[in-house]
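Everything quoted here is computed from the prediction, not taken from an experiment.
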Amino acid sequence: MRETGYLQKQPYFGAVVGRVANRIAKGTFMVDGKEYKLAVNNGPNSLHGGVRGFDKVVWTPQVLSNGVQFSRISPDGEEGYPGELKVWVTYTLDGGELMVNYRAQASQTTPVNLTNHSYFNLAGQEHNMALLNFFTRILEKVEALLAQFYPEGKAILGAPGWLSRLSIWLLTPAQGSPNIYDHEVTIEADAFLPVDETLIPTVNAETTGSWCEALKPSPCPLSRKPGQSTPAPCPSTCPFPPGEVAPVQGTAFDLRKPVELGKHLQEFRIHGFDHNFCLKGSKDKHFCARVHHAGSGRVLEVYTTQPGVQFYTGNFLDGTLKGKSGAVYPKHSGFCLETQSWPDAVNQPHFPPVLLRPGEEYDHTTWFKFSVA
């Protein structure tokens, strides 16, 4: 898709999403006692920053020796979020490893959760496209920028080294596949977040919900401290019922060992994944996921500093959009590994924190490592 395609309604192909990736329940949250109401664009919820999120704005590019940096200033009140937010996203390539670094600074306390929403298909597609819109947006914007420095109008394959290597990799011939069913997936997570019908993390029925409503103002099991036999009285209202963090053991979400995606979906009779997996690593660089396509030998490994990854299997792709060379994207034709904090974390105090305060800096990095097995 060219620029006009990105300006139309499309499922975040190749985009940086923010100010808060994923969903915020009912588009509302509280910060320092004040309620903020966001633009609602996904059923009753706010998704990927709202109606005009970071994927629908023009960023300022800067060419680096081994990559490119994009920056923008999100004004106070954009899509309902508090405070001005300065954002920098830097892409650098080192051999077969693409590093994406996200930095942000806020003038007021605000939730921040940035990720990349690229779709992958390691089998390739028709017309020798080895990945499904893999950072197409980046390449097209950088190509336009490079034209200023290369007036001869050289093609992308004649551009500086990092862009040339990435382009060659993308255009490597492949047998092509309309789906990702033959991909083997591994995700390094012992837990995941179950979701309701609107894809918001569910409330743990053992501690909240109707059970709690029936007991109020009886003792609240959530308030029991270590070594304390009797919990404190339950408050009259529970404004932040905890989301459920469920173990993957014995479920369709146990991807700690490689599974062939198509067979796995069929075995567990599920229509796909669109769930947050709770990663085991620390705030330092840690392994997140591995995807292998046996037919081509291509491997994608993902490392990150983030606490979670949203594994999405293109469930809402329906074949109506056309990309380069007329390629279409039906259901399950690509997958996303969106490294991020957990969904609705601003409303879940026991989830990893997402509030960025003045004087602090949001700084997270994700690495996409490509190889051939």
Side-chain angles (χ1 to χ4, degrees), residues 9-12 17 20-30 35-51 53 79-80 111 113 115 117 119 180 187 189 191-214 237-255 261 264-278 308-320 329-338 340-352 354:
K9 184 178 181 180
Q10 49 89 13
Y12 305 97
V17 291
V20 173
N22 219 308
R23 293 167 177 84
I24 293 179
K26 300 180 180 179
T28 63
F29 63 88
M30 300 279 291
E35 183 180 47
Y36 291 89
K37 295 186 177 182
L38 308 175
V40 171
N41 63 326
N42 185 249
N45 308 315
S46 180
L47 173 67
H48 292 332
V51 175
E79 295 300 296
N113 185 23
T115 191
H117 207 293
Y119 290 72
I180 51 175
I187 297 180
F192 75 104
L193 301 183
V195 293
D196 63 19
E197 65 278 2
T198 70
L199 299 179
I200 290 293
T202 56
V203 170
N204 188 334
E206 293 184 358
T207 55
T208 59
S210 59
W211 187 77
C212 263
E213 288 293 329
T237 60
C238 183
F240 299 115
E244 182 178 6
V245 180
V248 300
Q249 182 70 37
T251 74
F253 301 88
D254 192 348
L255 306 179
L261 189 58
H264 190 76
L265 297 179
Q266 187 175 33
E267 177 184 355
F268 285 91
R269 298 182 180 181
I270 56 178
H271 299 293
F273 291 96
D274 193 2
H275 297 78
N276 178 82
F277 286 77
C278 309
V309 60
Q310 186 84 2
F311 180 41
Y312 174 53
T313 51
N315 310 330
F316 298 110
L317 298 177
D318 58 9
T320 58
Y329 309 116
K331 181 179 181 179
H332 296 161
S333 59
F335 67 90
C336 303
L337 289 166
E338 306 162 58
Q340 58 190 265
S341 192
W342 300 0
D344 199 34
V346 70
N347 291 320
Q348 305 286 355
H350 68 302
F351 282 6
V354 292

Output for pair (T320 OG1, Y329 OH), nearest 0.5 Å, gives 11.5 Å
Go through the steps for Q340 and V17 under the test side chain to side chain contact (heavy atoms under 4.5 Å, CB included), then give the verdict. CA-CA 10 Å; Q340 58 190 265; V17 291; over 6 Å; no
Separation between CD1 (I270) and OG1 (T313), nearest 0.5 Å, reads 8.0 Å
Residues at least two apart in sequence or cross-chain that pass ring pair (Phe, Tyr, Trp, His ring centres under 6.0 Å) with F253, listed by chain then number, are F192, F273, H275
Subject >> Donor-acceptor pair, side chain of N276 and main chain of P343, under 3.5 angstrom >> reply: no
Between I180 and G334 the two heavy atoms that sit nearest each other are CD1-O, 3.6 Å
Practice item. Kindly indicate, with the supporting measurements, whether the criterion side chain to side chain contact (heavy atoms under 4.5 Å, CB included) is fulfilled by V354 and V20. Key: CA-CA 9 Å; V354 292; V20 173; over 6 Å; no
Value for CH2 (W342) from NE2 (H350), rounded to nearest 0.5 Å, stands at 7.5 Å
Separation between CG (D344) and CG (L199), nearest 0.5 Å, reads 12.0 Å
Ring pair (Phe, Tyr, Trp, His ring centres under 6.0 Å) filter on H117, not counting sequence neighbours, yields Y12, H48, Y119
For P352 and A345, the nearest pair of non-hydrogen atoms, with its separation, is O-CB, 3.7 Å
Report task. Check whether any side-chain N or O of N347 sits under 3.5 Å from a backbone N or O of T28 as a donor-acceptor pair, and report yes or no. Result -> yes
So CZ of F316 and NZ of K331: to nearest 0.5 Å the spacing works out to 9.0 Å
Closest heavy-atom pair, G272 versus L265, reported as atoms and distance to 0.1 Å, is CA-CD2, 3.9 Å
d(N45 CG, N22 CG) to nearest 0.5 Å is 10.0 Å
* Asked: Counting only heavy atoms not in K26, do more than 12 sit closer than 6.0 Å to its NZ atom?
  -> no
| said: Quick one: does any side-chain atom of Q249 pair with a main-chain N or O of D254 as donor and acceptor, under 3.5 Å? | reply: no
More than 12 heavy atoms of other residues, nucleotides or ligands under 6.0 Å from CD of E267: yes or no?
yes
Is there a side-chain contact between N42 and R23 (heavy atoms, below 4.5 Å)? yes
Check whether any side-chain N or O of S46 sits under 3.5 Å from a backbone N or O of A39 as a donor-acceptor pair, and report yes or no.
-> yes
Smallest heavy-atom separation, G50 atom then N41 atom, equals O-ND2, 3.0 Å
ask   = Would you say the side chain of L261 lies within less than 4.5 Å of the side chain of F335, judging by non-hydrogen atoms?
value = no
Nearest heavy-atom approach of G27 to V40 is CA-CG2, 4.2 Å
Here the pair of heavy atoms bringing L337 nearest to I187 is CD2-CD1, 4.5 Å
- Query: For N315, does its backbone N or O pair with a side-chain atom of D274 as donor and acceptor, under 3.5 Å?
  - Reply: no
Please examine the side chains of E79 and V51, heavy atoms only from C-beta on, and report whether any two atoms are closer than 4.5 Å. yes
